[in-house]
Amino acid sequence: TDNKQELASEYLALFARLIRKILDNSRKQAIPIAKEIETLEIYLTLERVRFDNQFDYKFDIDPNVDVHWLTIPPMLIQPYIENSIKHGLRPKSSGGTIIIGMKMIDEINMLCWIQDNGIGRKKALELKNQRLTSHKSIAMEATKAVSYTHLRAHETVLDLVCRLLLEKKHKHNINTI
C-alpha cells in the first residue's frame with residue numbers, strides 16, 4: 001500500500017502541474033512551441049502511467065523549427081494526441097508508439113503531425129460503432145476554431161498547414177495539423 005500511495009501522490013502532483021500549465025497557457029492567445037511541448041510532455045507522462053506504460057512517445061522536431069520563438073495557440077496539439085491514444089493505441093495490448101513531429105515546409109509554413117502505430121482508422125471506427133455511446137467530442141472542433149481564429153488574428157505568426165494524410169498512403173496513422 002505504501003507503493004500505491006507513493007504512486008498516487010506522484011500522479012496527483014504531476015496532474016496538478018499539468019493543470020497549472022494549462023491554466024497559465026490558456027490566458028494567452030499564443031505560446032511558444034517549447035511551452036506547448038512542456039505541457040504535452042506532462043500530459044503524455046500521465047497517460048503512460050494511466051495505461052501502464054502501454055506506449056512510448058517521442059518528439060521529432062526539425063532543427064529549423066525555432067520552438068522558443070514560434071508561437072501557436074495553447075493546447076492545439078493535445079486533442080490529436082488524445083485521439084491517437086484513445087482510438088489507436090489503447091485498443092492495443094502493448095508496443096504502441098506516438099511520434100509528434102514538426103518541420104518547416106518553407107519560410108512561413110510549418111507542418112505538424114502526430115503519427116502512431118495503432119490499430120488504424122478503419123478498425124478504430126469499427127470498434128467505435130460497436131460501442132453504444134452518446135459521447136460527442138468537442139475538442140477537435142474547438143481546436144480547429146481556436147487555431148483558425150489565431151491564424152486570422154496573427155498573420156505574421158507561423159501559418160499551420162492543416163490537412164489529413166490518408167492512412168492508405170502511409171505505413172502508420174498520421175494526423176496532420
Side-chain angles (χ1 to χ4, degrees), residues 1-63 65 67-68 70-102 112-143 146-147 171-177:
T1 52
D2 283 344
N3 191 29
K4 284 184 180 181
Q5 286 178 326
E6 187 177 317
L7 183 61
S9 180
E10 289 174 18
Y11 193 85
L12 283 172
L14 200 53
F15 183 71
R17 190 168 151 220
L18 176 64
I19 295 299
R20 282 192 302 275
K21 282 198 165 291
I22 290 170
L23 289 172
D24 183 47
N25 292 344
S26 69
R27 295 183 204 157
K28 302 168 183 110
Q29 278 194 313
I31 60 171
I33 291 171
K35 281 189 172 250
E36 179 78 348
I37 290 171
E38 287 173 16
T39 305
L40 292 172
E41 286 268 4
I42 297 169
Y43 170 74
L44 283 160
T45 299
L46 287 169
E47 287 287 43
R48 284 190 76 230
V49 171
R50 179 178 171 212
F51 294 113
D52 199 24
N53 296 317
Q54 178 179 328
F55 67 90
D56 291 313
Y57 68 89
K58 77 173 196 171
F59 288 87
D60 181 14
I61 312 298
D62 185 292
V65 175
V67 297
H68 300 288
L70 297 172
T71 63
I72 60 174
M75 297 299 288
L76 177 67
I77 300 168
Q78 185 275 336
Y80 294 93
I81 295 172
E82 182 179 343
N83 273 2
S84 181
I85 294 167
K86 182 177 180 181
H87 301 295
L89 298 178
R90 195 164 110 194
K92 287 182 75 161
S93 59
S94 64
T97 302
I98 297 175
I99 301 171
I100 300 97
M102 295 178 191
C112 177
W113 70 92
I114 290 86
Q115 177 179 335
D116 68 61
N117 65 342
I119 62 171
R121 293 182 199 287
K122 186 177 178 181
K123 182 68 175 168
L125 185 59
E126 288 173 14
L127 290 175
K128 182 180 177 184
N129 289 337
Q130 288 174 2
R131 285 183 258 130
L132 295 176
T133 179
S134 60
H135 172 74
K136 182 172 176 157
S137 175
I138 61 166
M140 300 299 276
E141 290 303 316
T143 299
V146 167
S147 61
K171 183 177 178 183
H172 300 289
N173 301 319
I174 299 176
N175 279 318
T176 308
I177 56 174

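Counting from 1, the numbers follow the sequence of the chain as shown. Note that these values count all heavy atoms, side chains included, but never hydrogens, waters or copies made by symmetry.
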In this structure, CG of L12 is separated from CZ of R17 (nearest 0.5 Å) by 14.5 Å
By salt bridge (Lys or Arg N to Asp or Glu O under 4.0 Å), which residues pair with D24, not counting sequence neighbours? K28
Side-chain heavy-atom pair I98, I100 within 4.5 angstrom cut-off: yes
Closest heavy-atom pair, F55 versus I85, reported as atoms and distance to 0.1 Å, is CZ-CD1, 3.7 Å
Would you give the length of the straight line joining atom CD of E41 to atom CG of L46, rounded to the nearest 0.5 angstrom? 11.5 Å
Say whether, by atom type as modelled, one donor and one acceptor occur between the side chain of N117 and the main chain of L89 under 3.5 angstrom. no
I'd like to check I99 versus D60 (side-chain heavy atoms, cut-off strictly below 4.5 Å). Are they in contact? yes
Just wondering, more than 12 heavy atoms not from R48 lying within 6.0 Å of its CZ? yes
Go through the structure and list residues passing side-chain contact (heavy atoms from CB on, under 4.5 Å) with I61, not counting sequence neighbours. I37, F59, V65, V67, M102
Taking side-chain contact (heavy atoms from CB on, under 4.5 Å) as the definition, give me every residue that meets it alongside S26, ordered by chain and number, with sequence neighbours left out. none
Out of curiosity, K21 NZ to I19 CD1, how far, rounded to the nearest 0.5 Å? 12.5 Å
Which atom names give the shortest non-hydrogen contact between I77 and C112, and what distance separates them? CD1-SG, 3.9 Å
Look at the side chain of D52 and the backbone N and O of Q54, then say whether any donor-acceptor pair between them is shorter than 3.5 Å. no
Y57 side chain to E47 side chain, donor-acceptor N/O pair below 3.5 angstrom: no
Using atom types as modelled and distance alone, determine if a side-chain donor or acceptor of E36 lies under 3.5 Å from a backbone N or O of L76. yes
State which residues pass salt bridge (Lys or Arg N to Asp or Glu O under 4.0 Å) with R20; sequence neighbours excluded, sorted by chain then number. none
So, using salt bridge (Lys or Arg N to Asp or Glu O under 4.0 Å) as the criterion, who are the partners of D62 when residues are at least two apart? none
Using the side chain to side chain donor-acceptor pair (under 3.5 Å) rule, collect all pairs that involve residues 2-11, keeping only residues at least two apart or in two chains. none
Please examine the side chains of N25 and K35, heavy atoms only from C-beta on, and report whether any two atoms are closer than 4.5 Å. yes
Between D116 and T97, do the side chains contain an N or O donor and an N or O acceptor separated by less than 3.5 Å? no
In Å, rounded to the nearest 0.5 Å, how long is the span from CD1 of I33 to CG of L70? 5.0 Å
Out of curiosity, I22 CD1 to L18 CG, how far, rounded to the nearest 0.5 Å? 4.0 Å
So T39 and Q78, side-chain contact (heavy atoms from CB on, under 4.5 Å) or not? Walk me through it. CA-CA 9 Å; T39 305; Q78 185 275 336; over 6 Å; no
